[in-house]
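Take a look at the structure set out below.
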Protein chains: 4
Amino acid sequence: MANKREVHASVKDEKLVKVRRDQMIKGAVSLFKEKGFHRTTTREIAKASGFSIGTLYEYIETKEDVLYLVCDSIYEEVKERLQESIDPKLGTIEGLKAAVEAYFRVMADMQDEVLVMYQEAKSLSKDALPYVLNKELQMVHMFEEILQGCVEKKELTMTESEIQLCAHNIFVQGQMWGFRRWALKSRFSLDEYIQMQTKFVLEGITNK
Amino acid sequence: MANKREVHASVKDEKLVKVRRDQMIKGAVSLFKEKGFHRTTTREIAKASGFSIGTLYEYIETKEDVLYLVCDSIYEEVKERLQESIDPKLGTIEGLKAAVEAYFRVMADMQDEVLVMYQEAKSLSKDALPYVLNKELQMVHMFEEILQGCVEKKELTMTESEIQLCAHNIFVQGQMWGFRRWALKSRFSLDEYIQMQTKFVLEGITNK
Amino acid sequence: MANKREVHASVKDEKLVKVRRDQMIKGAVSLFKEKGFHRTTTREIAKASGFSIGTLYEYIETKEDVLYLVCDSIYEEVKERLQESIDPKLGTIEGLKAAVEAYFRVMADMQDEVLVMYQEAKSLSKDALPYVLNKELQMVHMFEEILQGCVEKKELTMTESEIQLCAHNIFVQGQMWGFRRWALKSRFSLDEYIQMQTKFVLEGITNK
Amino acid sequence: MANKREVHASVKDEKLVKVRRDQMIKGAVSLFKEKGFHRTTTREIAKASGFSIGTLYEYIETKEDVLYLVCDSIYEEVKERLQESIDPKLGTIEGLKAAVEAYFRVMADMQDEVLVMYQEAKSLSKDALPYVLNKELQMVHMFEEILQGCVEKKELTMTESEIQLCAHNIFVQGQMWGFRRWALKSRFSLDEYIQMQTKFVLEGITNK
DNA sequence: CATGAATGAGGATTCATTCAT
DNA sequence: CATGAATGAATCCTCATTCAT
């Protein structure tokens, strides 16, 4: 599957396009966070981005393009930040723990962004959605690799299916902190949450 | 917290109100499923419900009321169906397993509805949202009770916090089958999914 | 070729649709006359029609629909008025003369409308244009019939081709009074114009 | 009446202005042909002309200027090509016939351009329109002169009014081949059309 | 002279909601 | 109670034009 959907810009200067789109994404995220994609106007996006509505449309073709750009950029950032702090080759339980913790912390850190993406992604057209979902799978895949590594090093005994499902669970539990914070925050601190979820996951998979 | 938000109807005949609203909810769910709340027009809802736009507004005040009614009714149905097949008093691991399985099956059964609610709830006003979230907590609470029962009967050893988080996890994993079916369905059958998740949960909490 | 392109209306009451569309056409013609189709706003059309923009769109789907309706109605009126005062069966030179005169007078009478249609028809979509052009051909065909009648009654000797071209010429000369009035009006009265054109046409085709 | 409306250019080099405007006209005609003046954007014109939007505006002040330039150039070309092949002094029926034929052929040749001008001229501002219409009158006047010559040489007997109207008719019939080609082309070849129209015109005016 | 990024007024269209019948 | 015509604020998007580089 192709990894990028190109969003067309009238402006030629690629550097400028990058700069403006970054402004745009930043402005849009905070608006989407506040009122959701549908309730946010293109005018508001333009304003929050620091330019006029005309300029906005020099860098996108459709309002939906903004959403795609936002989702794309959020995933990109999550991925980058994860890759900075994770070594999937380790193949140790400790490495797994560290990865889970790093992931949970990134998700907590980007709570707002994740929530936005989480709630608005479904507004993407049938056209753009696959690209975003694909990004998600890539991240799930990171955890699969880590688990796989542990299995290879005999640190864990898991079937291929168990690895897949467990990776999904980890991924969702990371998101959970964001999209269920209304329920979780009053009951757990982030540290508690991380520690407890890690425990559940590990006891769910380690040989006894 | 109050348990119901009353949606005002001009029509007095309460039985009729119930009938019409049921038509409405049925029509709306299938539309929301297809195009989401925002992209669905009140006209479409009226049509799908089998009456005119004027009549629609005899039974609600705002488009958002429809969403609230839909969400409310979905939760109600989930809850009812769960209560039919679960006995929270048992206090046995077997009872827990049965409850999880029942819940997962209901969620799989109502996949579409759950997805709708899941994705559109955030469009509820600050006013209505709490009522819906409260419903969710009630369901999470069912699992807490079951777990609590097991702890009391010494079938499990868990802290209060662990019970709460575990209940959340179970709840989210039930939803997961719906909102991540794009990723899960090709990898697991529902039976496999239930069996594996149950295993993870139990191994995560049973004493070794 | 089908004779009508249906323009969709949300409103069901067909009588009302007719009434509103007549208002619309009347309002639109005077605007198009003044500023052309492109420079006229849908808002202006609504206002000139005596209703709100929302109402306008209950009776059409696209701005272009207004243009189609206008063109269609103009042709319809021209045709009706012609049919009232022309008897194509006669087969006499006198009948021909009378027809030409009647036609020219109708065209002079509806000068504004004809000019509008004449200048704006090209803005119709590829979809709607044929229907309008077809209407034109029907009118040209009326003159062909009249000429044909004269030929059959031996009042004139013309080939089939000559009949066709002559009919076109008559038709265009009728329009001419409208679309070239800037040049003609200062030089000829309508009566003079009719009389002279009739003479040219007749001398162009009568046996000598 | 003044014969030219000056279109202001920021660029001083007159030769360059001429070159650029020729590029512009060429590009614009083909666009106007395809989509009409209103549906053509200045950006498209610039692109079709081979330069940037900024440059375009160095040579005009308003989009409408392009239309004026286009109309002006088309008339100029028609006029030039006619003057090459017509001698208005002759005063013979043969000369008249030759002129008509030459005119019809030029019009057929420049069909697209003529159609453009014909349909878009009305979009000219009240300011520019007279200049263009004046050009048209000059051409009509050429035919008046030719007819006048024939009258003076006793080849024809026509009143002043008849001459004027007949000249208009010839002129319009020339345009007709362009703007009614949808109806004429399937029925007549250009040669037939010329021959038949010539016959109609001549029999309409020659003494019997 | 040439470029093209920026602007924002303006335009077509939608849709929740009302209310007279 | 039911209907559906009417309303107009709100929204997305376009495009002629300007101006700094």
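Chain letters run A, B, ... following the sequence lines, proteins first, then strands; residues in each count from 1.
Within residues 6-32 of chain C, no residue has any heavy atom closer than 4.0 Å to DNA chain E.
Note on C/K35 versus C/E44: salt bridge recorded, some NZ/NE/NH1/NH2 to OD/OE distance being below 4.0 Å. D/D22 has no carboxylate O lying under 4.0 Å from a charged side-chain N of D/K26, or vice versa, which leaves the two without a salt bridge.
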>> So if I define the base as every atom that isn't primed, P, OP1 or OP2, how would nucleotides 16-21 of chain F read as a B/S/- string at a heavy-atom cutoff under 4.0 Å?
In response: BBB---

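Taking atom NZ on A/K47 and atom C1' on E/dT7, their separation rounds to 15 Å, with Å as the unit. E/dG10 atom C1' lies 12 Å from atom NZ of C/K35, rounded to whole Å.
Listed by first and then second residue, the ring-ring contact (aromatic ring centres under 6.0 Å, His included) pairs involving residues 18-43 of chain A are A/F32-A/F37, A/H38-B/H38 (not counting sequence neighbours).
Between D/G36 and D/E120, the closest heavy-atom pair is CA-OE2, 3.1 Å.
With rounding to the nearest 0.5 angstrom, the CG atom of A/D65 is 12.5 Å from the OG1 atom of A/T42.
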> Can you give the dot-bracket line for DNA chain F, where a pair is Watson-Crick or G-U wobble with both atom distances under 3.5 Å, crossing pairs use [ ], and | marks a partner on another strand?
Replying inline: .||||||||||||||||||||

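A heavy-atom distance below 4.5 Å is not found between the side chains of C/Y131 and C/D72. Looking only at side-chain heavy atoms (C-beta outward), D/T40 and D/I45 come within less than 4.5 Å of each other.
Residues that satisfy the side-chain contact (heavy atoms from CB on, under 4.5 Å) test with A/L69, not counting sequence neighbours, are A/V7, A/R21, A/M24, A/I25, A/I60. Remark: C/I74 engages C/V70, C/V78, C/M110, C/E113, C/M117 in a side-chain contact (heavy atoms from CB on, under 4.5 Å) (not counting sequence neighbours).
When each of D/S52 and A/F51 is assigned the nucleotide of DNA chain E with its nearest heavy atom, D/S52 is the one assigned upstream, toward the 5' end.
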> Under the side chain to side chain donor-acceptor pair (under 3.5 Å) criterion, do C/Y118 and D/Y118 qualify, and how do the steps go?
Replying inline: CA-CA 10 Å; C/Y118 198 74; D/Y118 197 75; 2.8 Å; yes

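Closest to the B/Y59 side chain, of the nucleotides F/dC1, F/dA6, E/dT7, is F/dC1.
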